[in-house]
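The structure appears below as structure tokens.
Just so it is clear, the structure is predicted and the values come from calculations on it, not from any experiment. Just so it is clear, the values below take in all heavy atoms, side chains as well, and ignore hydrogens, waters and symmetry mates. Chain letters run A, B, ... following the sequence lines, proteins first and then strands; every chain starts at 1.
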2 protein chains.
Amino acid sequence: MLQLTKRTEYGLIALVHIAERGAVDAGAFVSARDICDRYPIPRRLVAEVLKALQKNDLVESQRGPTGGYVLARSPESITLGQIVTALEGAPPLTSCESPILLKSGGCEVHSVCPIRSPVHRVREQLWGLLEHTSLRSLLPPATQAHYAPRAAHAR
Amino acid sequence: MLQLTKRTEYGLIALVHIAERGAVDAGAFVSARDICDRYPIPRRLVAEVLKALQKNDLVESQRGPTGGYVLARSPESITLGQIVTALEGAPPLTSCESPILLKSGGCEVHSVCPIRSPVHRVREQLWGLLEHTSLRSLLPPATQAHYAPRAAHAR
DNA sequence: TGAATTAGCACCAAAACAGTGCGGTATCGA
DNA sequence: TCGATACCGCACTGTTTTGGTGCTAATTCA
Ligand code: SF4
Ligand code: SF4
């Protein structure tokens with residue numbers, strides 16, 4: 001299906017929340033509890049998702065009380081494509097373009113497939129679309145202003 | 001997952017094949033058997049897919065011997081978006097944007113979701129991408145030039 | 001110490017997906 | 001008319017993916 005997984009949506013919500021907090025209190029760690037206090041998301045799941053994001057160097061984590069997560073980079077440099085890739089692997093669009101999906105023996109049609117090449121082009125376009133959407137552009141305008149005091153009118 | 005279903009891929013292959021035949025022998029019906037003679041696709045499945053395409057007025061069908069399918073419109077006017085929509089519903093990208101996915105009680109986060117609106121914009125872009133990709137642009141350039149006649153008929 | 005928080009691992013139930021069976025109906029050709 | 005061909009409709013099954021959970025260990029701060 002052409003749809004983001006719930007995990008990815010939760011990841012986006014978490015990242016947006018962390019970014020919002022980071023805008024007003026730079027350096028503060030946001031815990032999983034903070035996130036699911038604000039949004040009705042299972043806490044266990046948000047931790048699962050954040051863990052994956054941490055492994056892909058999108059967030060940094062800190063244990064213990066006062067621990068939690070912060071963005072590893074600025075919201076401008078984190079793209080939707082990176083988030084999706086971290087949470088569900090690179091968007092393959094077709095089965096054969098996915099390295100992880102080849103475990104099922106690959107596609108029988110592969111050698112004579114007439115749509116592989118053209119669909120590949122579409123996939124590249126989709127990738128470009130995701131790569132050109134930054135986390136910052138997902139933030140509400142008010143937050144974006146706080147993020148760059150010196151260039152509040154940018155974007 | 002951000003991936004087309006196998007059904008959609010089969011539908012695309014079938015449509016490409018039908019379009020190729022139509023370019024050479026306009027008005028001729030292409031049977032499901034013809035398609036799965038060229039490509040190792042279960043015949044039963046390709047029929048299932050073509051049926052869905054027929055219900056969405058993308059192909060026309062004809063029963064009996066010499067029966068089969070033809071494109072209901074020109075390859076230029078059939079878009080990838082229409083095909084995907086016919087085969088797996090409108091690309092929702094998120095759960096809440098899908099009318100058919102609301103049966104599961106909807107999304108708990110919906111009322112306070114911070115990403116609904118921005119992700120909706122991305123979804124619109126994705127839609128635009130699919131809508132601007134016509135079936136014709138999926139065809140090989142040499143479609144009108146050659147078509148191997150009935151070199152292989154019986155399976 | 002002890003409470004809070006992330007990390008790691010395995011595990012489960014429900015849904016979606018891929019694929020199939022069988023009988024019916026329309027159509028063409030002989 | 002008859003029979004073969006090919007689509008039509010519904011329901012059904014096995015497999016994969018997804019969404020979600022349990023529990024324990026490691027880390028950090030008060
Ligand atoms: S080879 Fe063709 S049918 Fe097979 S997965 Fe790739 S695009 Fe799809
Ligand atoms: S409301 Fe938000 S979390 Fe829920 S489905 Fe829509 S985008 Fe996803």
Side-chain angles (χ1 to χ4, degrees), chain A residues 1-11 13-14 18 28-37 40-56 59-70 87-89 92 94-95 98 100-105 107-109, chain B residues 1-11 13-14 18 28-37 40-55 59-70 87-89 92 94-95 98 100-105 107-109 153-155:
Chain A
M1 209 187 317
L2 221 44
Q3 181 177 342
L4 297 174
T5 67
K6 216 80 174 171
R7 270 182 169 87
T8 305
E9 292 187 25
Y10 292 160
I13 293 177
I18 294 174
F29 286 89
V30 182
S31 70
R33 176 186 298 266
D34 288 336
I35 296 171
C36 62
D37 273 351
I41 307 176
R43 185 162 65 198
R44 192 66 181 63
L45 250 191
V46 83
E48 193 82 15
V49 170
L50 266 311
K51 179 175 53 176
L53 292 176
Q54 186 266 343
K55 283 189 175 175
N56 286 79
V59 300
E60 289 176 2
S61 60
Q62 174 77 32
R63 297 199 228 193
T66 79
Y69 305 87
V70 280
L87 260 30
E88 43 188 273
T94 51
S95 313
S98 163
I100 55 175
L101 261 292
L102 290 185
K103 65 166 174 61
S104 318
C107 180
E108 288 292 331
V109 196
Chain B
M1 209 189 317
L2 221 43
Q3 181 177 343
L4 298 173
T5 67
K6 216 82 175 171
R7 269 182 167 87
T8 305
E9 293 187 24
Y10 292 161
I13 293 177
I18 294 174
F29 286 89
V30 181
S31 69
R33 176 187 299 262
D34 289 336
I35 295 171
C36 60
D37 273 351
I41 307 177
R43 187 177 341 169
R44 193 65 181 64
L45 250 192
V46 83
E48 193 82 17
V49 170
L50 266 310
K51 179 175 54 175
L53 293 176
Q54 186 264 347
K55 284 190 175 177
V59 300
E60 290 177 0
S61 60
Q62 174 77 30
R63 298 201 228 192
T66 79
Y69 305 87
V70 279
L87 260 29
E88 45 190 90
T94 52
S95 312
S98 164
I100 56 175
L101 261 293
L102 291 185
K103 64 166 175 62
S104 318
C107 181
E108 288 291 330
V109 197
H153 30 285
R155 182 182 72 88

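- With rounding to the nearest 0.5 Å, the separation of CD in Q3(A) from OG1 in T94(B) is 7.0 Å.
- Summarising the geometry, the separation between CD on Q3(A) and C1' on dC17(C) is reported as 14 Å, rounded to the nearest angstrom.
- Separating the CD1 atom in I35(A) from the CD1 atom in I13(A) is a distance of 10.0 Å, to the nearest 0.5 Å.
- Rounded to whole angstrom, the span from the CG atom of L45(A) across to the C1' atom of dC11(C) amounts to 14 Å.
- The CZ atom of R7(B) sits 10.5 Å away from atom CD of E88(B), with the distance rounded to the nearest 0.5 Å.
- Rounded to an integer number of Å, the gap from E48(B) CD to dT13(D) C1' is 14 Å.
- The CD-C1' distance, from E9(A) to dG20(D), rounds to 15 Å in whole Å.
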Could you list the protein-to-nucleotides 4-8 of chain D atom pairs, N/O on both sides, closer than 3.5 Å?
from	atom 1	to	atom 2	distance (Å)
dT5(D)	O2	P65(B)	N	3.4
dA6(D)	OP2	R33(B)	NE	3.4
dA6(D)	O4'	G64(B)	O	3.3
dC7(D)	OP1	A32(B)	N	2.9
dC8(D)	OP1	S61(B)	OG	2.6
dC8(D)	OP2	Y69(B)	OH	3.4

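- Residue L2(A) contributes atom CG, which lies 15 Å from atom C1' of dA16(C) at whole-angstrom precision.
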(request) Run the numbers on L50(A) and I18(A) for side chain to side chain contact (heavy atoms under 4.5 Å, CB included), then give the verdict. (result) CA-CA 11 Å; L50(A) 266 311; I18(A) 294 174; 4.0 Å; yes

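- Separating the CE atom of M1(B) from the C1' atom of dT15(D) is a distance of 13 Å, rounded to the nearest angstrom.
- Atom pair R7(A):CZ and dT21(D):C1' shows a separation of 11 Å (rounding to whole Å applied).
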(message) Applying side chain to side chain contact (heavy atoms under 4.5 Å, CB included) to V30(A) and Y69(A), what does each step give before you reach the verdict?
(response) CA-CA 5 Å; V30(A) 182; Y69(A) 305 87; 5.5 Å; no

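- Taking atom CG of L4(A) as the reference point, atom C1' of dT17(D) lies 15 Å away to the nearest angstrom.
- Screening L53(B), L4(B), T5(B) for a side-chain contact (heavy atoms from CB on, under 4.5 Å) with L87(B), the sole residue that qualifies is L53(B).
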